[in-house]
2 protein chains.
Amino acid sequence: MAGMKETIKTVAVDLFYRQGYFATSISDIAKGCGIQKASIYYHYPSKEDLLFFIMESTMDGLLDHLKAGLAVSDGVEAKMRAAVHGHVQFHLEQQKETFIASSELRGLSAEHYEVVVGKRDEYEGIFQDLIKAGRKQGIFDTGDVKILSYAVLTLCTAGAFWFKAEGRLAVDHIAEIYENFVLKGMKKPV
Amino acid sequence: MAGMKETIKTVAVDLFYRQGYFATSISDIAKGCGIQKASIYYHYPSKEDLLFFIMESTMDGLLDHLKAGLAVSDGVEAKMRAAVHGHVQFHLEQQKETFIASSELRGLSAEHYEVVVGKRDEYEGIFQDLIKAGRKQGIFDTGDVKILSYAVLTLCTAGAFWFKAEGRLAVDHIAEIYENFVLKGMKKPV
DNA sequence: GTCTATAGAGTGATAGAC
DNA sequence: GTCTATCACTCTATAGAC
């Protein structure tokens, strides 16, 4: 069921996460899979392609997760809460993959870079549209839309990495803390 | 006045920032300095030592900047504003160095890693003490001290990187935006 | 689908001349 | 303080046997 192609991906994710993409060799990955390094090239055309495969599927998963969360929420504030909650949740549950996706962009070729950054921009765009809608309805405070969206995303991304590492709190609890912090920073003072 | 040792550091900072530490070779640095790669080793014992030299001096500068800002501020809220303002300012003005310091920890040896992380912990500790003091005085909302300090620092660090890149706003203006966003997220609702 | 063997290039670092 | 030359090693990737 698993298959060697999946095993290679899993081992690569673990090593890229722990050592970084450049510090990990094809040899390391092969050793982790219990095969010879030449066998890697039967499944993936190159090391860079393996990285791209990991990043692209992670970004697709992240986008799907966001869209699914928004589909079942009504109103701007509820949608923003769902977006933040889903973001934190996905980053906690797929910590290795999302860490790689946000820190190894430099390892990609120009063409692959465009594809991944395109997906990232689409993701950020959804948050920015929510902020704009909230301001139009007078729910959110005025302020630079890009500054706010970057602030929210960074905050939650980094938060997810740290708190998984500390292991003190449950996923939903962590997501809730960020949900409240962000909404508080964004909403108009009553 | 400059000296080759400084030139090497400057070129290395630029390349580590643009390409990353692992993707930059001693050869690249030498080319950028207009010398042969063997000459690098007269000034620095190894590539890793050069990275450490850059990171350590950056962390020292960051700590000094913070302490200087706190020394001329009175009261917890003013000190927190000064801390955030100084943090953003330093990250904007020494963007390359601070980016390296926060993204290339994996390149350090175990001993050097301890030194740099020790300075980072001292820096974070100052923010955490400010949050604790603010809560004791009833100025700041209750909430996990570590979560808050991480949130503040990440937010401001990442913000500094983005807005320098966009070049739309002046340093003090950017610092002020973050100062307000953070204090708003942290203060007790009146 | 995995193996052995190797090509071909680049790496960090050192020795010793000047 | 910088040079040329080189060592010893590692890297990604390929060829061809099984």
Side-chain angles (χ1 to χ4, degrees), chain A residues 1-56 100 103-113 115-116, chain B residues 1-56 100 103-113 115-116:
Chain A
M1 207 209 117
M4 188 51 74
K5 186 168 183 178
E6 278 304 309
T7 303
I8 292 169
K9 190 189 175 189
T10 305
V11 170
V13 163
D14 185 59
L15 291 172
F16 290 170
Y17 173 68
R18 282 167 36 214
Q19 314 178 344
Y21 172 71
F22 286 107
T24 300
S25 70
I26 291 287
S27 219
D28 292 335
I29 298 169
K31 232 167 271 167
C33 299
I35 55 172
Q36 293 301 310
K37 61 181 177 172
S39 306
I40 302 277
Y41 292 92
Y42 173 80
H43 301 281
Y44 297 92
S46 72
K47 187 188 172 189
E48 190 269 338
D49 218 274
L50 173 54
L51 175 65
F52 174 63
F53 186 71
I54 291 168
M55 292 181 94
E56 191 185 31
I100 293 166
S103 64
E104 298 290 5
L105 277 168
R106 274 197 292 219
L108 295 173
S109 70
E111 294 78 20
H112 287 162
Y113 179 88
V115 174
V116 173
Chain B
M1 212 211 108
M4 187 51 75
K5 187 169 182 178
E6 279 303 310
T7 302
I8 292 168
K9 190 189 174 189
T10 305
V11 169
V13 163
D14 186 59
L15 290 172
F16 290 169
Y17 172 69
R18 281 166 36 211
Q19 314 179 343
Y21 171 72
F22 286 107
T24 301
S25 70
I26 290 288
S27 222
D28 292 335
I29 299 170
K31 233 167 269 166
C33 298
I35 56 174
Q36 293 302 309
K37 61 178 178 172
S39 306
I40 301 277
Y41 292 92
Y42 174 81
H43 300 281
Y44 297 92
S46 72
K47 187 189 172 189
E48 189 269 340
D49 218 274
L50 173 55
L51 175 64
F52 174 63
F53 187 72
I54 291 168
M55 291 180 96
E56 190 185 32
I100 293 165
S103 64
E104 298 291 6
L105 277 169
R106 275 197 291 221
L108 295 174
S109 69
E111 295 78 22
H112 286 162
Y113 178 88
V115 174
V116 173

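Here is how names work: the chains are called A, B, and so on, in the same order as the sequence lines, proteins then strands, and each is numbered from 1.
- Rounding to whole angstrom units, NZ of residue A:Lys31 and C1' of D:dC11 are separated by 12 Å.
- One interatomic measurement links the two molecules: CD1 of A:Ile35 to P of C:dT4, which rounds to 12 Å at whole-angstrom precision.
- If you take CG of B:Leu15 and P of C:dG12, they are 12 Å apart, rounded to a whole angstrom.
- Atom NZ in A:Lys37 sits about 15 Å away from atom C1' in C:dT2, given to the nearest Å.
- The line from CG of B:Leu51 to CZ of B:Arg106 is 12.5 Å long, rounded to the nearest 0.5 Å.
- Per the geometry, CG belonging to B:Asp28 stands 13 Å off C1' belonging to C:dG12, to the nearest Å.
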If you restrict it to nitrogen or oxygen atoms, what contacts under 3.5 Å exist between nucleotides 16-18 of chain D and the protein, and what is each distance?
none

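- Note on A:Ser39: every side-chain N or O is 4.0 Å or more away from OP1 and OP2 of C:dG1.
- Here D:dT4 is the nucleotide among C:dT4, D:dT4, D:dA13 with the atom lying nearest to any side-chain atom of B:Gln36.
- Side-chain proximity of B:Ile26 to the nucleotides D:dC3, C:dG12, C:dG1 is greatest for C:dG12.
- Remark: P of D:dA13 and CD1 of A:Ile8 are 13 Å apart, rounded to the nearest angstrom.
- Between the side chain of B:Tyr44 and the backbone N or O of B:Lys5, at least one donor-acceptor pair lies under 3.5 Å.
- With D:dT2, D:dT6, C:dC3 as the candidates, the nucleotide lying closest to the side chain of B:Met4 is D:dT2.
- Taking 4.5 Å as the limit, every side-chain heavy atom of A:Val11 sits out of range of all side-chain heavy atoms of A:Lys31.
- Contact check for A:Asp28 versus A:Gln19: side-chain heavy atoms found under the 4.5 Å cut-off.
- Counting heavy atoms from C-beta on, the side chains of B:Thr24 and B:Arg18 never come closer than 4.5 Å.
- Of the inter-residue distances, the one linking A:Phe52 atom CZ with A:Glu104 atom CD reads 15.5 Å to the nearest 0.5 angstrom.
- For residues 45-55 of chain A, proximity to DNA chain D is found at A:Ser46, A:Lys47, defined as any non-hydrogen atom under 4.0 angstrom from a strand atom.
- Closest to the B:Tyr42 side chain, of the nucleotides C:dG12, C:dT4, D:dT2, is D:dT2.
- With values rounded to the nearest 0.5 angstrom, B:Asp49 atom CG is found 10.0 Å from B:Leu108 atom CG.
- The aromatic rings of A:Tyr21 and A:Phe16 sit perpendicular to each other, their planes meeting at more than 60°, with 30° as the lower class boundary.
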**Study point:** Criterion side chain to side chain contact (heavy atoms under 4.5 Å, CB included) on A:Ile29 and A:Leu50, from CA distance to verdict
**Key:** CA-CA 11 Å; A:Ile29 298 169; A:Leu50 173 54; 4.0 Å; yes

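- Contact annotation: A:Tyr41 side-chain N/O to D:dA13 OP1/OP2 distance is under 4.0 Å.
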